[in-house]
Amino acid sequence: MLAIWLASIPMISSASDRNTNSQARVITTNICIDSLVFALIGTENLIAVSALADDERYSYISEEVKDLQKVTFNAEMIYALNPSLVLASNFSSAKTKSALEKLGVNVRLISFARSIEDIEKNIFILGKLLNAESQAQKLTSLLKFSRVTAPNTKQLIALQYSTNRFVHGYNSLISNIIIRSGFKSYSKFLGYNGGRYVSAEALVKSAPDVLILDGDKSFSDKSGSPLYHPALLKGRSKTKALFIKTKYWSCGTPKVVDLITRLSSEYIKLVGQNNAS
């Protein structure tokens, strides 16, 4: 479906006096913005993306952008490419932004998403900037309807647990995704508004219904070293373990719809099992 939408996106008009070409020349300098822009316009008007865009560990569009130039948020490097629009994150260097603007470069900052609503706002903003409002409307519509309402039963608890023992707080994108999927956020259950570190032993004791772990169906990395504490291995019989690579949720992109769909399916299965028992 996304591929069909991308094929119908119109060409972008130029946004800079410096650019003498009829087409826009867009540069993205952040892995999250790379993915958002790709979802809106593909690669047709992209002349450069962030340095991590072709790293499959962090980017799910690595194959699609492998032939594009890679840049960091460096004024000299970016100016030399004669962009009509540069997209950077709200935590990018203020000095670099100022330097580029003094050179006449159009730089726009996109805020880091901490909720589904933030993703919708970013898509709307980028849709305006990239002359892709129709595609933006389609993507935001998908996000708006990606929600499961919990039935009147014991609410199931889900938690995303990083390899470094970090648990994201209630005011985070992953917590928002979990709630959209029908689960109760473990962070909300414990009253964690902000992120914090939680021991594996404490986690096993609290026994969440679903544990979202980093990686791909493995408790060990490629060298065989353990990614998680052995206590989690023992707790797997009581807690459903799902292995999901962080690149699918760490950035606020339309890709979270796929994750919500997957978690919603798990939620419905678990509710059915609980009702049956």
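Count residues from 1 along the sequence. Just so you know, these numbers use all the heavy atoms, side chains as well, and skip hydrogens, waters and symmetry mates.
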| request: Identify whether Trp249 and Leu242 are in the same connected component of the hydrophobic contact network (ILVMFWY, side-chain heavy atoms under 4.5 Å). | output: yes

| query | What distance separates Leu40 CG from Ser134 OG, expressed to the nearest 0.5 Å? | reply | 10.5 Å

| When you look at CZ of Phe112, are more than 12 heavy atoms from neighbouring residues, nucleotides or ligands closer to it than 6.0 Å? | yes

| Going from CG on Leu159 to CD1 on Ile174, what distance comes out if it is rounded to the nearest 0.5 angstrom? | 9.5 Å

| request: Please examine the side chains of Glu63 and Glu56, heavy atoms only from C-beta on, and report whether any two atoms are closer than 4.5 Å. | output: no

| Cluster question for you: counting only ILVMFWY and a side-chain heavy-atom cut-off of under 4.5 Å, with indirect links fine, are Phe243 and Tyr58 together? | no

| message | Would Leu87 and Val37 count as a side-chain contact (heavy atoms from CB on, under 4.5 Å) here? Give the steps. | response | CA-CA 9 Å; Leu87 298 167; Val37 171; 3.5 Å; yes

| Quick one: do Arg165 and Glu201 make a salt bridge, cutoff under 4.0 Å? | no

| task | Take Lys128 and Glu133, measure what side-chain contact (heavy atoms from CB on, under 4.5 Å) needs, and give me the verdict at the end. | result | CA-CA 6 Å; Lys128 286 272 190 180; Glu133 294 172 83; 3.4 Å; yes

| message | For Pro254 versus Ile123, what's the shortest heavy-atom pair and its separation? | response | CG-CD1, 3.9 Å

| note | Heavy atoms of Thr140 and Glu120 approach each other most closely as CG2-O, 3.7 Å

| said: If only side-chain N and O atoms count, and only distance matters, is there a donor-acceptor pair under 3.5 Å linking Thr28 with Asp34? | reply: yes

| query | Should Ser187 and Val167 be marked as a side-chain contact (heavy atoms from CB on, under 4.5 Å) after you check the CA-CA gap, both sets of side-chain angles, and the distance that decides it? | reply | CA-CA 8 Å; Ser187 299; Val167 172; 3.6 Å; yes

| task | Output yes when a side-chain donor or acceptor of Gln135 lies under 3.5 Å from a complementary backbone atom of Ala39, and no otherwise. | result | yes

| field | With sequence neighbours excluded, residues passing side-chain contact (heavy atoms from CB on, under 4.5 Å) with Ala51 | value | Thr72

| request: Answer with yes or no whether the hydrophobic clustering places Leu129 together with Ile119; edges join I, L, V, M, F, W, Y residues whose side-chain heavy atoms lie under 4.5 Å apart. | output: yes

| task | State which residues pass side-chain contact (heavy atoms from CB on, under 4.5 Å) with Ser141; sequence neighbours excluded, sorted by chain then number. | result | Gln137

| message | Looking at Asn176 and Arg114, would you say the former's side chain and the latter's main chain have a donor-acceptor pair under 3.5 Å? | response | no

| Leu203 and Leu211, any side-chain heavy atoms less than 4.5 Å apart | yes

| Any sub-3.5 Å donor-acceptor pair from Ser264's side-chain atoms to Ile260's backbone N or O? | yes

| field | Main-chain N/O of Asp214 paired to Tyr228 side chain as donor or acceptor, under 3.5 Å | value | yes

| remark: Shortest non-hydrogen pair, Leu85 vs Arg108, comes out as CD1-CG, 3.7 Å

| Sequence-distant partners of Phe73, side-chain contact (heavy atoms from CB on, under 4.5 Å), two or more places apart | Thr29, Ile78, Val86, Ala88, Ser92, Ser93, Thr96, Lys97, Leu100, Val107

| message | Count I, L, V, M, F, W, Y as connected when their side-chain heavy atoms are under 4.5 Å apart, and connections chain through other members. Are Ile31 and Leu126 then in the same cluster? | response | no

| field | Any donor-acceptor pair under 3.5 Å from Ser172 side chain to Gly169 backbone | value | yes

| Is there side-chain contact between Val198 and Arg196, with at least one heavy-atom pair below 4.5 Å? | yes

| Got a sec, which pairs hit disulfide bond (SG atoms under 2.5 Å apart) with one end in residues 54-123, sequence neighbours left out? | none

| request: Check whether more than 12 heavy atoms from other residues, nucleotides or ligands sit under 6.0 Å from atom OH of Tyr161, and answer yes or no. | output: yes

| field | Minimum heavy-atom distance between Val256 and Cys251, given as atom pair plus value | value | CG1-O, 4.1 Å

| All side-chain contact (heavy atoms from CB on, under 4.5 Å) counterparts of Phe166, not counting sequence neighbours | Ser162, Asn164, His168, Tyr197

| task | Working to the nearest 0.5 Å, report the span between CZ of Arg180 and OG of Ser185. | result | 14.0 Å

| said: Is there a side-chain contact between Leu173 and Ile116 in this structure, where contact means two heavy atoms from C-beta onward sitting under 4.5 Å apart? | reply: yes

| said: Please check this pair: side chain of Arg25 against backbone of Ile47, looking for a donor-acceptor N/O pair closer than 3.5 Å. | reply: no

| query | Hey, what do you get for CG (Leu156) to NZ (Lys240), rounding to the nearest 0.5 Å? | reply | 12.5 Å

| query | Of Ile41, Leu46, Asn45, which meets side-chain contact (heavy atoms from CB on, under 4.5 Å) against Leu130? | reply | Ile41

| query | How many angstroms lie between CD1 in Ile125 and OG in Ser111, if you round to the nearest 0.5 Å? | reply | 6.5 Å

| field | 4.5 Å side-chain heavy-atom contact, Ile177 and Gln160 | value | no

| said: Run the side-chain contact (heavy atoms from CB on, under 4.5 Å) test on Thr253 and Phe38 for me, step by step, so that the C-alpha distance in whole Å, both residues' side-chain angles and the decisive distance to 0.1 Å come before the verdict. | reply: CA-CA 10 Å; Thr253 74; Phe38 177 80; over 6 Å; no

| Leu52 reachable from Val71 in the ILVMFWY side-chain graph, under 4.5 Å edges | no

| field | Tyr186 versus Ile157, closest heavy-atom pair with distance | value | CA-CG2, 3.6 Å

| Between Ser199 and Ala202, is there a donor-acceptor pair closer than 3.5 Å when you use the side chain of the first and the backbone of the second? | yes

| salt bridge (Lys or Arg N to Asp or Glu O under 4.0 Å): which pairs involve residues 70-92, sequence neighbours left out? | Asp54-Lys70

| query | Is the Tyr60 ring parallel, tilted or perpendicular to the Tyr248 ring (thresholds 30°, 60°)? | reply | parallel

| remark: Closest non-hydrogen contact found for Ser59 with Ala53 is OG-O, 2.7 Å

| message | How long is the straight-line distance from CG of Leu103 back to OH of Tyr79, given to the nearest 0.5 Å? | response | 5.5 Å

| said: Can you confirm whether Leu263 sits close enough to Ile212 that some side-chain heavy atom of one is under 4.5 Å from a side-chain heavy atom of the other? | reply: yes

| Between the side chain of Ser181 and the main-chain N/O of Phe183, is any donor-acceptor distance below 3.5 Å? | no

